[in-house]
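Structure first, then comments.
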Amino acid sequence: MPELPEVETTRRGLAPHLVGHRLDGASVRQPRLRWPVPEGLSSLLAGRRVEHLTRRGKYLLLGVGNGTLLIHLGMSGSLQLVPADTPAQRHDHVDLLVEGGTAVRFTDPRRFGAVLWTAGAPSEHPLLAQLGPEPLGPAFDGGTLWQRARGRQVAVKALLMDSHVVVGVGNIYANEALFRSRIDPRRAAGSISALRFQRLAEAVRTVLTEAIEQGGTTLRDFVAGDGRPGYFQQQLQVYGRAGRPCVRCATALREVRLGQRSSVFCPRCQR
DNA sequence: CCCAAGACCTGGCGGC
DNA sequence: TGCCGCCAGGTCTTGG
C-alpha cells in the first residue's frame with residue numbers, strides 16, 4: 001500500500017487529532033510485526049502529550065517527550081482514527097489510545113509493518129541512520145543520484161528504489177518517474193548522464209508532489225487516516241497498465257521484472 | 001563493496 | 001466449488 005505520498009497523506013490526516021493531545025496508552029493485540037512491538041508500550045505512552053507527528057522516508061515519528069514512536073506501514077499497513085470502543089477485526093494489531101475516547105488503529109494483514117520505540121534521537125536509530133535524503137527536500141537532486149550511480153551496474157530503477165540513495169520512492173512512483181523522464185528502467189545506473197538524472201530527479205519530485213496533493217494512490221483499500229481514499233490512481237501512466245497503449249505514443253507498454261518487482265515501461269519512449 | 005535472491009506474512013486472483 | 005501457484009504498495013538480511 002504505502003509509498004511516501006500515502007504515508008504523508010496519513011500523517012496529515014492524523015496530525016490534527018494527535019498533536020497536542022494526551023495519550024491514555026496503547027492496546028497491543030498482535031506484537032509480532034516485522035519486529036516485535038516493544039513490551040510495556042502502553043506505559044511508555046500513558047499520560048504523555050503528543051508533541052509532533054513527523055515523517056522520515058516512509059516512517060512516521062510520533063514524538064511524546066520521553067521518546068519517539070516509530071511506525072512503518074510495510075506493504076499492507078494503514079492507520080485509521082476510530083472510536084476506541086470499535087470492535088477490533090482480525091488484522092487490527094495495535095491501538096494508540098487518545099484521551100477522550102478515540103484510537104489510532106494500526107491494521108496490517110501482512111505484518112511487514114513495524115511499531116517501534118526509541119528513547120534517543122530518532123535520526124540515530126539504526127533503521128533511520130542510514131537513510132538517503134528526502135526526495136522533496138533540498139538535499140536531493142540529479143547530482144546526488146548521479147554521484148550514487150557512478151560505477152554501478154544495477155538497473156536504474158533498483159537504484160531509485162534503494163532507500164539508502166533516496167527515501168520514499170517505491171514501485172509505483174519509480175515506474176511513473178522513469179516514464180516521465182523517459183528512461184528505460186533496465187538501464188545500468190552508471191551509464192546514465194548527469195543531465196538525464198537531473199530530469200529523473202525532477203520527475204520524482206513532481207510525481208510525488210502531485211500524488212500527495214491528490215491524497216495518495218488508492219490501491220485495494222488504502223484510506224488515509226481520516227478515512228478518505230486517494231485519487232492519484234487515475235493519474236498513473238504506466239503502473240498497472242502493461243499491454244495497454246502508451247499515453248504519449250500509443251505503443252503497447254511492456255512489463256519486465258527487475259529485482260522481483262514488476263516494471264512497466266514504454267519500449268519506444270523510454271531509452 | 002556490489003548485487004541478486006531470500007526472507008518475513010496474508011489475501012486475492014486466474015487457471016485448471 | 002476447490003486447490004495451486006502466483007502476485008501484491010517494503011526493505012532488511014544473507015550469500016556469492
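Naming convention: chains lettered A, B, ... in sequence-line order (proteins, then strands); numbering from 1 in each chain.
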Answer yes or no: is there a donor N or O on one side and an acceptor on the other, between the side chain of [X] and the main chain of [Y], under 3.5 Å?
X        : Y        : value
A:Asn175 : A:Ser263 : no
A:Asp92  : A:Asp95  : no
A:Arg241 : A:Gln237 : yes
A:Gln270 : A:Ile183 : yes

Hey, is [X] close enough to [Y] for a salt bridge, meaning N to O under 4.0 Å?
X        : Y        : value
A:Arg56  : A:Glu134 : yes
A:Arg180 : A:Glu176 : no
A:Arg11  : A:Glu8   : yes

Exercise for the section: Kindly say if A:Arg110 contacts the phosphate of C:dA8, meaning a side-chain N or O under 4.0 Å from OP1 or OP2. Expected result: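 For A:Arg110, the contact criterion (side-chain N or O under 4.0 Å from OP1 or OP2 of C:dA8) is not met.
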Practice task
Taking only the side-chain nitrogens and oxygens of A:Ser76, find out if one of them lies under 4.0 Å from OP1 or OP2 of B:dC9.
Solution key: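 Result: no.
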Fill in the blank from the handout: 5' to 3', nucleotides 11-16 of chain C under a 4.0 Å protein heavy-atom cut-off (B base, S sugar-phosphate only, - none) gives BB----
Show each protein N/O and nucleotides 1-4 of chain B N/O combination with a separation under 3.5 Å, one pair to a line.
| unit_1 | atom_1 | unit_2 | atom_2 | d |
| --- | --- | --- | --- | --- |
| B:dC3 | OP1 | A:Gln153 | N | 2.4 |
| B:dC3 | OP1 | A:Val154 | N | 3.2 |
| B:dC3 | OP2 | A:Arg152 | NE | 2.1 |
| B:dC3 | OP2 | A:Arg152 | NH2 | 2.9 |

Practice task
Determine if A:Phe112 stacks with B:dC8; use a centre-to-centre distance below 5.5 Å and an interplanar angle below 30° as the criteria.
Solution key: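 Here A:Phe112 meets both the 5.5 Å and the 30° conditions.
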Without decimals, in angstroms, what is the distance between [X] [atom1] and [N] [atom2]?
X        : N      : atom1 : atom2 : value
A:Leu73  : B:dT10 : CG    : P     : 18 Å
A:Arg32  : B:dC9  : CZ    : P     : 6 Å
A:Ile172 : C:dG10 : CD1   : C1'   : 12 Å

Problem - Inter- and intrachain pairs under ring pair (Phe, Tyr, Trp, His ring centres under 6.0 Å), touching residues 90-118 of chain A, at least two apart - result: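 Checked against ring pair (Phe, Tyr, Trp, His ring centres under 6.0 Å) - neighbours excluded - no pair reaches residues 90-118 of chain A.
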Handout entry: Pairwise P distance for C:dC6 and B:dA5, with rounding to whole Å
Key =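 Comparing P positions in C:dC6 and B:dA5 gives a spacing of 16 Å.
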Problem - Same-atom distance (P) from B:dC9 to C:dC3, integer angstrom - result: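 Those two atoms are separated by 24 Å.
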Practice task
Report the hydrophobic cluster partners of A:Leu70, with the cluster defined as I, L, V, M, F, W, Y residues connected by side-chain heavy atoms closer than 4.5 angstrom, directly or transitively.
Solution key: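 Listed partners: A:Trp35, A:Tyr59, A:Leu61, A:Leu116, A:Leu127, A:Leu128, A:Leu131, A:Val167.
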Exercise for the section: Sequence neighbours left out, what pairs pass salt bridge (charged side-chain N to carboxylate O under 4.0 Å, His left out) with at least one residue falling in residues 261-271 of chain A? Expected result: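 Counting only pairs at least two positions apart or across chains, no salt bridge (charged side-chain N to carboxylate O under 4.0 Å, His left out) contact touches residues 261-271 of chain A.
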Handout entry: A:Gln260 and A:Arg257 side chains, donor-acceptor separation under 3.5 Å
Key =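 Distance-only check fails for A:Arg257 and A:Gln260.
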Problem - Pairing string, 5' to 3', for DNA chain C - Watson-Crick or wobble contacts under 3.5 Å, brackets [ ] where pairs cross, | to another strand - result: .|||||||.|||||||
